[in-house]
Amino acid sequence: MTTRMWNTLRKIFKCELVIFRHRIQATLTMNVKSSKIKWFLGVTFLGTVFLTFFVGYTNKTVTAQYVPDEELYEQIIVKLKPEAAAWEMEISGAAAKMSYSQAQSLSVSAGIEITGKRAMSGGAQVMKLPYPMTKAEVDLVIAGLQDDPDVSYAEIDVRLHAHAGLMDTYYMDQWHYHDATTEVGAANLPGAWAEATGDASIVVAVIDTGLVAHSDLDPDITDATGSVVPGYDFIYYTSIANDGDSRDSDPSDPGDWDPTGDWCNKNQSSSWHGTHVAGTIGAITNNNNGVSGVNWNSKILPVRVLGRCGGLLSDIADAIRWSAGHSVSGVPLNSNPAKVLNISLGATSSCSTTMQDAIDAAVSAGSTVVVSAGNDTTDANTNTPANCNNVITVAAVARDGDRASYSNVGSTVEISAPGGEGTSTNAVYSTSNSGSTVPSSESYEWLAGTSMAAPHVSGIASLLLSKNSNLTPSQVLKILENTARDFPAGATECNTAICGAGIVDAHAALTEPTALIETSSTTYVNNSITLNGSNSFIGSGYIEFYLWQQTSGTAVSISDATDAVASFVAPSSPETLVFRLDVTDDEGLSHFTTMSVSISNPPSSSGGGGGGGGGCFIATAAYGTSMEPDVRHLRAFRDEYLLSNKPGQLFVDFYYDYSPPVADTLREYSVLRAIVRGSLKPLVWLSEALVSNEVLALQTAEAP
């Protein structure tokens, strides 16, 4: 047998093993009671073990050996021959990232497990080695790949070094970015930067004190040529603004000082707070100057809302809407809507309707809103906007990974990030200014606070969006939570009950998959119910394998248990079932999630229908309340004229299936609500003419 034939057989066998593994997993999710099936699986398993041993024995092996002070390599570059790479090409002709199964095939020739990282512009592929290897070890891997008839060439992805210093002057002082193995409280960015360093199309709004010109951010923040896109000054009152005028297109920070203490009863020097926050998110990086930013290439949108002694809710709410791309009266439309909004500010207050509405509007426009938890050593639920819905609330950890002494915590916190302690090397180092009142010379400063923690999360969120701009705000949060690093074993003041899912981990966020389950809206007894996992995602790459299992409740048969979308027939009586979805990405990384599905009886012909306004979902959303007389008339019409006959019951069931999502959309848009109210009027008039007083009285009495 020729070498080429032998290699081909081994590759085919390797691929079959991968497919076999997933099919066995799917089979085991069912109730296997047949002894013949069990016998078959057992024999097949033993045969697989024997064949795997045989292939591994005849294949080349590589043994890890550590050579002190020798350079180690983590990646190689492989290019397939045109005929082998053809099916890996996109329709456009550009090389696609190598699939998991193709990488497994090459692993056989390499003698070790190698995974695809990304496609290169010339059609080659960057492949990741299983661990850092010496040159001698990698040479063996390269030799094995060169013997593969499908490989055009393979070589080491060597590291080149600039003749001058590559990283920024103070990068080593920025412990808060470093690898988590050396700095347990850090955001673990070095590995993430190998995956993404940002994209200029992603804009991050810094809703703060504005920016002061800085060479490590942008020498001129009012033009559109640098790393800062044109922002806006939303401070309405000149007494707060400190710049002598009201709202305008200049978001420069003139200083937020109040040295006499005659306005807010304290002597206050200028903080240059917005400049410090912006530097953490996006300081110019790899310019051999100053500090580094989390995101090297995305743009900063400066939005000024804080001046002398703070800022007003009315200004901040307008700024939030404008930053996300909504129109604000008297202000030009933002030509650079932000995908991420960083709000490192707060007050001791409940979440007001004004603030919540502004946040909801930003999220509905696709913006991820990141806020600081507050620095009062209390429950974050007492601080706004940390206690608002639809935001990512960030607590601060110190360098040791435990709660920073000042940080608010509590159930409203989603995640923690490095905020530091004190005013020296244990704090967060970023861009600033030396002026005590008005701007003077540019500088760098150590600051600590949840205001410093939030921009780490904002920067990482923008890296995720740079890799996949289609991620929704809820998906961004899900990724950050699922990949958060556990608090260190010695942490005594931070845990997942009060400090969120863990410490934000940039590298994990950009490389690990997230499983997400959705179900069809109708979960009635005996109905066919859909389990949808197709929205499972990863910061980069794609999901390749799915596996559905039932973990609780009356056993049901899951159809398409290894597909993204599965289904089952609900039991004949109400109960709660629990399902688990495992996903595996194109690099072999896995994640799982579970979901409870509550099975209920369909609405009875004599009752008020499903939830949310007695089942009149659209009418309730259009009028804003189920107590509205028009809504009660519509419910009465349904009960007397629709639920009293079979065709009407079928129509009502159809309505219950598909109206809730429509109602959710209506709640977000006042214009649509007005249109729907108008379109419902003829039906309301009809119901007023036809409905009996007894049925209407019953609806009035039972209205929620």
Side-chain angles (χ1 to χ4, degrees), residues 203-210 231-237 240-241 246-249 251 273-274 277 300-307 310-374 380-394 412 414 450-451 454-455 457-458 461-462 472-474 476-477 621 624 664-673:
V203 176
V204 183
V206 177
I207 301 175
D208 215 290
T209 63
Y232 208 81
D233 180 356
F234 274 88
I235 300 178
Y236 188 85
Y237 292 105
I240 299 176
S246 185
R247 293 182 172 182
D248 58 33
S249 60
H273 190 271
V277 167
I300 299 292
L301 176 72
V303 186
R304 187 167 184 252
V305 296
L306 300 179
L312 294 174
L313 170 62
S314 54
D315 290 343
I316 295 168
D318 280 350
I320 291 172
R321 291 176 180 272
W322 182 85
S323 298
H326 291 289
S327 61
V328 174
S329 178
V331 178
L333 192 66
N334 176 16
S335 58
N336 298 285
K339 293 286 287 184
V340 181
L341 276 55
N342 187 93
I343 308 176
S344 289
L345 51 82
T348 302
S349 171
S350 60
C351 181
S352 66
T353 301
T354 299
M355 180 69 82
Q356 188 64 66
D357 284 351
I359 291 169
D360 290 346
V363 172
S364 70
S367 299
T368 298
V369 181
V370 180
V371 304
S372 52
N381 192 45
T382 64
N383 196 276
T384 192
N387 53 11
C388 293
N389 297 323
N390 292 331
V391 300
I392 301 176
T393 301
V394 185
T412 59
E414 273 78 31
T450 57
S451 286
V457 175
S458 294
S462 68
T472 66
S474 62
V476 170
L477 172 59
D664 290 341
T665 301
L666 283 179
R667 293 186 184 96
E668 299 180 10
Y669 301 101
S670 58
V671 175
L672 286 179
R673 291 198 298 271

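Note that the coordinates shown come from a computational prediction; the quantities given were computed from them, not determined experimentally. All values below were derived from every heavy atom in this structure, side-chain atoms included, with hydrogens, water molecules and symmetry-related copies excluded.
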* Structure fact -> Closest heavy-atom pair, T412 versus A380, reported as atoms and distance to 0.1 Å, is OG1-CB, 3.4 Å

* What distance separates I235 CD1 from L312 CG, expressed to the nearest 0.5 Å? -> 9.0 Å

* **Check: V206 and P302 side chains under 4.5 Å, non-hydrogen atoms** => no

* Identify the two heavy atoms, one from A338 and one from S367, that lie closest to each other, and give their separation to 0.1 Å. => O-OG, 2.7 Å

* To do: Could you tell me the separation between the OG atom of S458 and the CD1 atom of I392, rounded to the nearest 0.5 Å?
  => 8.0 Å

* Asked: Would you say P473 and N390 make side-chain contact, with heavy atoms under 4.5 Å?
  -> no

* Structure fact -> In short, C388 meets I359 closest at the heavy-atom pair CB-CD1, 3.7 Å

* Rounded to the nearest 0.5 Å, how far apart are CG of L301 and CG of L341? -> 8.0 Å

* So do the side chains of L345 and P385 get within less than 4.5 Å of each other, counting heavy atoms only? -> yes

* Asked: Looking at CD1 of I207 and CG of D315, how far apart are the two atoms once the value is rounded to the nearest 0.5 Å?
  -> 12.0 Å

* For residues D318 and R247, determine if any side-chain heavy atom of one lies less than 4.5 Å from a side-chain heavy atom of the other. => yes

* **Side-chain donor-acceptor pair present, T472, S474, cut-off under 3.5 Å** => yes

* To do: Supply the atom-to-atom distance R304 CZ to T209 OG1, rounded to the nearest 0.5 angstrom.
  => 7.5 Å

* Would you give the length of the straight line joining atom OG of S323 to atom NZ of K339, rounded to the nearest 0.5 angstrom? => 14.5 Å

* Asked: Is a side-chain donor or acceptor of N334 paired with a backbone partner of N336 at a separation under 3.5 angstrom?
  -> yes

* Asked: Is there a donor-acceptor contact under 3.5 Å from the side chain of T393 to the main chain of A386?
  -> yes

* State, to 0.1 Å, how close S344 and S451 come at their nearest heavy-atom pair, and which atoms those are. => OG-O, 3.1 Å

* Asked: Would you call V328 and Y232 a side-chain contact if the rule is heavy atoms closer than 4.5 Å?
  -> no

* Side-chain (T368) to main-chain (V340) donor-acceptor, under 3.5 angstrom -> no

* Structure fact -> What one should report as the nearest heavy-atom pair of A461 and V476 is CB-CG1, 3.8 Å

* To do: Quick one: closest heavy-atom pair of V369 and A362, and the distance?
  => CG2-CB, 4.2 Å

* Any side-chain heavy-atom pair from I320 and M355 closer than 4.5 angstrom? -> yes

